[in-house]
Visitor: 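Provided herewith is a single structure, encoded as structure tokens, for subsequent inquiry.
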Amino acid sequence: MTTTTINKLSFHVDEQVTLKGWLYNLRSSGKLLFPQLRDGTGIVQCVAFKKNISEELWDKLKNLGQESSLTITGKVRADERAPGGFEIDVTDAEVLQNVEGYPITPKEHGTEFLMDNRHLWIRSRRQHAILKVRHTIVRAARNFLDDDGFILADTPIFTPNACEGTTNLFEVDYFGDAKAYLTQSGQLYNEATAMAFGKSYAFGPAFRAEKSKTRRHLTEFWMVEPEMAYATLDDVMDVCEKLLSHIAVRVLEERGEELKVLERDVARLESIVAPFPRVRYDDAVKILQDGHAKGEIENRFEWGGDFGAPDEAYISEQFDKPVMVHRYPAAVKAFYMKRDEHDDRLALGVDVLAPEGYGEIIGGGERATSLEFLEEQIEAHNLPREEFEWYLDLRKYGSVPHSGFGMGIERCTAWMCGIEHVRETIPFPRMLYRLKP
RNA sequence: UCCGCAGUAGCUCAAUGGCAGAGCACCCGGCUGUUAACCGGGGGGUUGUAAGUUCGAGUCUUACCUGCGGAGCCA
């Protein structure tokens, strides 16, 4: 007897196999039962004719509740009537637990209810598809960087200070006499690891205590943050477009079935091919102002500010591919950004805006190299100098041009899947009003 | 923090200020190819909380709680 999984049934046609899983749904028609089994790799329809099996087996199957745990043994048969193309003629079954009252029924449910039952919701087909796409994105990003010579060097989650001084942080008691904060970015530490390894990246969670209440925000989210020594802003943009193109290809290759479940328009993913348009902030402002003149956007954008959500959406709508907007006013960017040598008002930062209104999925740029400049910036931003001494050391001992960026995993996943809200792109989302389960 | 919408059975939703309802889920019965199966029967309610208007409030008023959407902020 072969024990196998549902995704491998095509290798076992006309053979007896055993599958281990849970009951996804049960339909019956008098002397005929259709238990649908899921095992994490897929869903398969099984068939049991009353006259072909023992009375004991019939009785065992007939009253099973949704999500009952069981193993099913039977012959694999190709059948066009079955969803998925294969069917199991049941010859035996072992019920580990017969379940009554599984909360998530095959009808509609509201978001609040489903989120309260998130630990069960992730068993359902759509959530399964999204989380598998997430897995592929994570693996594609890591493989891309690993194969390109980046060394994984993860950065701390407890940090002693605000690393950029821009966002609200979660404060944690650290053994009574000290305060720690949950990291909002591994950025500053990545600069240290890049000086050690040449090319490095961190992959981990980031925490922002912003009271943001939109479909693009989580308080806990995951980022991949590559950093490169001897690299410029242009080098960063090269890596961004290659990384995103690679991710799109891998998602298309590995997750065709899942994209079908999600009803994703794959043409939108097929067009994610490097090179991407590179637009200076100044020109993006012109796009917005022209849009206002044409009456396509409500507010008239003024040079100097950061883009709001509607602004980002309008800019990205002008292109099929992700857009890389670069050289922002220094005032709206982090203190460690290098200034443009041709225009001191500008910082060498880049944001990658995804199409279809998904907004900023990557933020990055070239870092300042001058010790004196950073000392001025730290003072100007009222940051505690003593907490940044180690960071300033990086400019005392072998300072070189270097650059990097951070990509938000959940926003990228929402974009690839074409779904509304990032809360479905992580197994257990943490949001402003959601800490459980 | 601000603006808007919502809260009725386990779930999704109905109910002109006048008897609290349906579908799904659950239990019982029927059906040999079901595709969110279908058909018949059954149990299931402090209408988010508190106060008010009224002969009478799920429905109108006020406050609060909770959630959803958006803004700001951000990836």
Side-chain angles (χ1 to χ4, degrees), chain A residues 24-36 43 45-53 58 62-63 65-67 77 79-84 87 89 99-117 120-121 124-126 164 166-169 184-187 205-225 298-299 305-313 332-334 349-354 358-364 405-415 420-423 425-426 431-434:
Chain A
Y24 192 75
N25 197 8
L26 176 67
R27 286 185 283 265
S28 69
S29 180
K31 306 291 184 285
L32 195 52
L33 290 177
F34 297 98
Q36 286 189 304
I43 297 171
Q45 174 166 287
C46 308
V47 192
F49 282 93
K50 190 170 188 181
K51 66 168 187 180
N52 293 346
I53 62 173
W58 176 265
K62 139 184 111 171
N63 291 317
Q66 206 185 336
E67 288 302 317
R77 188 162 43 73
D79 193 317
E80 284 184 2
R81 292 170 292 184
E87 215 167 57
D89 279 324
V99 167
E100 190 178 319
Y102 184 71
I104 302 177
T105 63
K107 288 279 177 183
E108 296 165 14
H109 300 283
T111 309
E112 184 187 3
F113 174 79
L114 289 168
M115 273 299 169
D116 285 341
N117 289 285
L120 305 175
W121 189 21
S124 65
R125 203 190 293 263
R126 177 182 154 86
E164 302 181 14
T166 51
T167 57
N168 296 318
L169 302 179
Q184 58 173 313
S185 162
Q187 163 57 30
F207 306 87
R208 308 251 167 118
E210 304 291 346
K211 294 205 165 180
S212 293
K213 204 169 139 25
T214 78
R215 66 183 70 180
R216 296 180 307 280
H217 284 87
L218 299 170
T219 54
E220 177 183 311
F221 64 100
W222 287 68
M223 279 203 294
V224 56
E225 298 176 279
E298 202 174 322
N299 295 321
D306 206 353
F307 302 130
D311 304 318
E312 282 185 358
V332 302
K333 288 291 172 187
V350 57
D351 284 354
V352 181
L353 308 181
Y358 283 95
E360 183 184 348
I361 53 161
I362 286 179
F405 64 93
M407 181 182 82
I409 297 297
E410 288 76 19
R411 285 188 181 179
C412 184
T413 305
W415 168 38
E420 280 288 299
H421 205 302
V422 292
R423 68 187 160 204
T425 64
I426 184 168
M431 295 179 291
L432 183 50
Y433 298 119
R434 171 68 58 182

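Below, read A as the first sequence line, B as the second, and so on, with proteins coming before strands; counting in each chain starts at 1.
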Visitor: Between A6(B) and A63(B), how far apart are the two P atoms, rounded to whole Å?
Guide: 16 Å
Visitor: Please measure how far the C1' atom in U8(B) lies from the corresponding atom in U66(B), and state the result in whole Å.
Guide: 16 Å
Visitor: Taking only the P atom of each, what is the distance from G33(B) to G17(B) in whole angstrom?
Guide: 50 Å
Visitor: Under 4.0 angstrom, heavy atoms only, what part of the nucleic acid is T111(A) near: base, sugar-phosphate, or nothing?
Guide: nothing
Visitor: Any side-chain N or O of K31(A) under 4.0 Å from OP1/OP2 of C31(B)?
Guide: yes
Visitor: If pairing requires Watson-Crick or G-U wobble contacts with both distances under 3.5 Å, which nucleotide is the partner of U61(B)?
Guide: A51(B)
Visitor: Does P103(A) or E87(A) map to a spot on RNA chain B nearer the 5' end, using the closest nucleotide for each?
Guide: P103(A)
Visitor: Using the C1' atom in both, what is the distance from G56(B) to A14(B), to the nearest Å?
Guide: 22 Å
Visitor: Give L33(A) one of three labels, base, sugar-phosphate or nothing, depending on what nucleic acid heavy atoms sit under 4.0 Å from its own.
Guide: nothing
Visitor: Any side-chain donor-acceptor pair under 3.5 Å between Q66(A) and T105(A)?
Guide: no
Visitor: Tell me which nucleotide, if any, is Watson-Crick or G-U wobble paired with A9(B) when both distances must be under 3.5 Å.
Guide: none
Visitor: Select base, sugar-phosphate, or nothing to describe what K50(A) touches, counting heavy atoms under 4.0 Å on all strands.
Guide: nothing
Visitor: Which residue lies toward the 5' end of RNA chain B, R423(A) or F307(A), if each is placed at its nearest nucleotide?
Guide: R423(A)
Visitor: Please state how far atom OH in Y102(A) lies from atom P in A36(B), giving the value in whole angstrom units.
Guide: 18 Å
Visitor: Can you say whether a donor on the side chain of E80(A) sits under 3.5 Å from an acceptor on the base of G33(B), or the other way round?
Guide: no
Visitor: Is R126(A) touching bases, backbone alone, or none of the nucleic acid, heavy atoms closer than 4.0 Å?
Guide: nothing
Visitor: Over all strands shown, is G110(A) touching base, sugar-phosphate only, or nothing at heavy-atom distances under 4.0 angstrom?
Guide: sugar-phosphate
Visitor: Tell me, do I426(A) and F221(A) make a side-chain contact under 4.5 Å, heavy atoms counted?
Guide: no
Visitor: Could you report the tightest heavy-atom contact between E410(A) and W222(A), atom names first, then the distance?
Guide: OE1-N, 3.0 Å
Visitor: With rounding to the closest Å, how many angstrom separate the P atoms on C31(B) and G67(B)?
Guide: 49 Å
Visitor: For E225(A), answer base if it contacts any base atom (sugar-phosphate contacts may also be present), sugar-phosphate if it contacts only those atoms, and nothing otherwise; contact means non-hydrogen atoms under 4.0 Å.
Guide: nothing
Visitor: Is there a donor and acceptor pair closer than 3.5 Å between the side chain of Q45(A) and the base of U34(B)?
Guide: yes
Visitor: If you look at every strand shown and take non-hydrogen atoms under 4.0 Å, does F113(A) touch a base, only sugar-phosphate, or nothing?
Guide: sugar-phosphate
Visitor: Could you give the CG-to-P distance, from D79(A) to U34(B), as a whole number of Å?
Guide: 12 Å
Visitor: Distance between the P atoms of U59(B) and U16(B), in whole angstroms?
Guide: 12 Å
Visitor: Using atom C1' in both nucleotides, what's the gap between U46(B) and C55(B) to the nearest angstrom?
Guide: 23 Å
Visitor: In whole Å, what separates the P atom of A9(B) from that of C13(B)?
Guide: 11 Å
Visitor: How many angstroms lie between CG in D89(A) and CG in D79(A), if you round to the nearest 0.5 Å?
Guide: 8.5 Å
Visitor: Using a 4.0 Å heavy-atom cut-off across all strands, classify H109(A) as base, sugar-phosphate, or nothing.
Guide: sugar-phosphate
Visitor: Any strand counts, and the cut-off is 3.5 Å on both contacts for Watson-Crick or G-U wobble. Which nucleotide pairs with C68(B)?
Guide: G4(B)
Visitor: Quick check for you: among C27(B), U66(B), G72(B), whose closest atom lies nearest to any side-chain atom of A309(A)?
Guide: G72(B)
